[in-house]
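Owing to the predicted nature of the structure, the values given are computational and were not obtained by experimental measurement. We count ligands from 1, going down the list as the structure has it; atoms in each ligand are counted the same way.
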Amino acid sequence: RQAKALGHGLMSAYNRSLGRLGHRALEYDLRAAISTDQFFLVYQPKIDFNSRALVGWEALLRWRHPSLGLIAPCDFIPVAEESGVIVPLGRWTLNEACRQLRAWLDAGKADAGVAVNLSPRQFLHGDIVEAVRTSLAAHGVPGSLLELELTETVAVCDIDRVIAIMHELKRLQVRLSIDDFGTGFSSLSYLMRLPVDILKIDRSFICQLVTDQRAQALVKGVIDICEGLGMRVIAEGVETIAQASLLSVLGCSTMQGYLFGRPMSPDQCEEARQPFADA
Ligand code: C2E
Ligand code: CA
Ligand code: CA
Ligand code: CA
């Protein structure tokens with residue numbers, strides 16, 4: 001119940017209120033929410049299907065609005081991005097993920113890193129290198145435990161600048177991944193210029209995988225390209241054992257999705273570490 005409440009299906013009531021509230025008010029509320037602790041992170045496991053081992057967590061942002069209740073990111077990230085609130089909000093998120101990593105390190109449970117989502121605006125205009133360096137240093141967390149997920153839309157802007165920023169981030173030992181791979185409009189050769197470590201195949205391909213030959217060919221192609229380039233690949237939105245088995249046969253064993261675990265609170269993460277072994 002709790003886990004479900006932290007996941008999806010929260011937005012329709014909010015959208016109705018949002019219509020009345022308007023973007024201005026939402027933007028105002030967003031700014032106030034940072035200083036009054038209304039945001040929190042939930043964590044979704046990434047697993048290795050063959051060994052059933054936990055390989056990492058993805059931090060996903062949630063907003064507990066004082067009068068509207070729990071709000072999903074698709075309802076407020078676009079407004080945060082448009083208004084620029086994403087810059088301080090993104091800093092809060094990075095810091096909170098590092099604080100959690102520190103807590104897990106102290107408890108001897110930092111067996112896996114945490115991935116944080118970055119918006120294009122935050123990446124290009126938020127002094128992201130400084131933000132990452134500050135968060136890591138504040139909590140004494142090694143960069144190797146932090147992964148940054150970026151969508152390919154970030155690269156259509158100014159690719160040379162994007163590459164330069166990425167190289168600076170790599171100097172902090174953090175890993176970089178391309179999120180929602182396959183949904184943007186960038187060409188493959190363009191994307192391959194980016195110094196990224198991991199491609200995340202978008203859920204839209206995974207949900208058609210079992211029934212659609214073309215989705216299968218495409219996913220297989222991405223997996224082979226990654227292998228050829230020495231990059232890792234992960235499938236997101238894996239919901240069925242049929243999808244997981246097929247992905248494993250195609251050569252992708254790192255997965256994330258409701259089949260293995262929904263986004264959960266840090267307390268639930270503790271309990272969840274074990275059961276992946278029998279998923
Ligand atoms: P995303 O980065 O692609 O994250 C995956 C989304 O799919 C999450 O939704 C997750 O809960 C959901 N999901 C995971 N497994 C499954 C599955 O098996 N089936 C289905 N149907 N869905 C699954 P969520 O948490 O609502 O986040 C939505 C989007 O909001 C994210 O998509 C990301 O783009 C953005 N977002 C979330 N947190 C942050 C953040 O801290 N910063 C930024 N900039 N964006 C964020
Ligand atoms: Ca993501
Ligand atoms: Ca994604
Ligand atoms: Ca997505």
Side-chain angles (χ1 to χ4, degrees), residues 3-12 14-15 30 33-34 39-47 49 56-63 70-98 100 114-126 128 131-132 135 146-154 175-184 196 198-209 222 233-244 247 254-265 268 279:
K4 188 152 192 181
L6 294 173
H8 268 273
L10 317 157
M11 47 286 264
S12 52
Y14 181 71
N15 267 336
L30 272 170
I34 300 173
F39 290 105
F40 61 100
L41 295 179
V42 288
Y43 299 85
Q44 188 181 32
K46 303 178 179 185
I47 62 101
F49 182 67
W57 301 98
E58 177 176 0
L60 294 156
L61 193 57
R62 297 291 180 266
W63 181 13
L70 208 50
I71 306 175
C74 60
D75 286 322
F76 66 85
I77 294 282
V79 180
E81 172 89 357
E82 242 171 78
S83 60
V85 180
I86 196 68
V87 173
L89 180 54
R91 281 178 178 252
W92 180 89
T93 304
L94 276 168
N95 186 67
E96 174 59 17
C98 289
Q100 185 61 62
V114 170
V116 170
N117 290 282
L118 300 184
S119 293
R121 179 152 178 181
Q122 179 192 3
F123 184 82
L124 293 163
H125 306 292
I128 189 64
V132 170
S135 292
L146 187 67
E147 180 180 326
L148 303 173
E149 298 192 3
L150 288 140
T151 55
E152 55 193 271
T153 50
V154 78
R175 275 164 302 154
L176 303 175
S177 55
I178 296 288
D179 203 355
D180 303 340
F181 185 76
T183 59
V196 294
I198 302 153
L199 289 189
K200 297 191 79 176
I201 306 176
D202 191 64
R203 181 165 68 87
S204 57
F205 301 106
I206 307 307
C207 64
Q208 303 171 68
L209 191 66
V222 173
V233 63
I234 172 167
E236 65 173 20
V238 178
E239 294 183 350
T240 68
I241 193 79
Q243 290 166 346
L247 280 163
T254 312
M255 305 177 196
Q256 188 181 2
Y258 293 167
L259 178 64
F260 308 103
R262 288 182 178 253
M264 51 189 115
S265 69
Q268 293 169 317

Among Ile206, Asp202, Thr183, Asp179, closest by any non-hydrogen atom to atom 1 (P) of ligand 1: Asp179
Answer key: the N, O or S atom of Asp180 nearest to the Ca ion (ligand 3) is OD1
Between Gln122 and ligand 1, is there a nitrogen or oxygen pair with a distance under 3.5 Å? no
Residue pair Leu89 / Leu61, side-chain heavy-atom distance below 4.5 Å: yes
Short version for Gln44: what comes under 4.0 Å of ligand 1, heavy atoms counted, is side chain
Applying a strict 4.0 Å limit to heavy atoms, is Arg203 in contact with ligand 1? yes
Under 4.0 Å, heavy atoms only, figure out whether ligand 1 is touched by the backbone of Arg62, its side chain, both or neither. side chain
Per-atom filter on ligand 1: closer than 4.0 angstrom to a heavy atom of Thr93 are 41 (O)
Would you mind listing which atoms of ligand 1 come within a distance below 4.0 Å of any non-hydrogen atom of Pro73? 24 (P), 25 (O), 26 (O), 27 (O), 28 (C), 30 (O), 36 (N), 37 (C)
Minimum heavy-atom separation for Gln44 and Gly261, please, with both atom names. NE2-O, 2.9 Å
Would you say Ile86 has any N or O atom under 3.5 Å from an N or O of ligand 1, going by distance alone? no
Considering Leu150, Leu60, Leu41 one by one, which has a heavy atom nearer to atom 31 (C) of ligand 1 than any of the others? Leu60
Yes or no: does Lys200 have any heavy atom under 4.0 Å from an atom of ligand 1? no
Atoms of ligand 1 less than 4.0 Å from Glu239 heavy atoms? 17 (C), 18 (O), 19 (N), 20 (C), 21 (N)
What does the angle at the Ca ion (ligand 3) come to, between atom OD1 of Asp179 and atom OE1 of Glu236, rounded to 10°? 100°
Where do Trp57 and Met264 come nearest, in terms of heavy atoms and distance? CZ3-CE, 4.2 Å
Fit a plane to each ring of Phe76 and Phe39, take the angle between them on a 0 to 90° scale, and name the class: parallel (under 30°), tilted (30 to 60°) or perpendicular (over 60°). tilted
Taking all non-hydrogen atoms of both residues into account, name the closest pair between Pro120 and Thr153 and its distance. CG-OG1, 3.8 Å
Taking N or O atoms only and a 3.5 Å limit, does Glu58 qualify as a polar contact for ligand 1? yes
Using a distance-only test with no angle check, is there a side-chain donor-acceptor pair under 3.5 angstrom linking Glu96 and Thr93? no
When only distance counts, is Glu149 in polar contact with ligand 1, meaning an N/O pair under 3.5 Å? no
Side chain proximity check, Val85 to Ile34, heavy atoms < 4.5 angstrom: yes
Residue Asp180 vicinity, atoms of ligand 1 by number, heavy atom under 4.0 Å: 3 (O)
I'd like the name of whichever of Ser119, Pro45, Gly261 reaches closest to atom 44 (N) of ligand 1 through any heavy atom. Ser119
Just checking, any donor-acceptor pair under 3.5 angstrom between side chains of Glu149 and Ser177? no
Could you check which of Ile77, Val116, Asp75 puts a non-hydrogen atom nearest to atom 43 (C) of ligand 1? Ile77
May I ask you to list the atoms of ligand 1 that are less than 4.0 angstrom from any heavy atom of Gly257? 15 (N), 18 (O)
Mind reading off the angle at the Ca ion (ligand 2) between the OD1 atom of Asn117 and the OE1 atom of Glu149, rounded to 10°? 90°
If we only consider heavy atoms of Gly237, is any one of them less than 4.0 Å away from an atom in ligand 1? yes
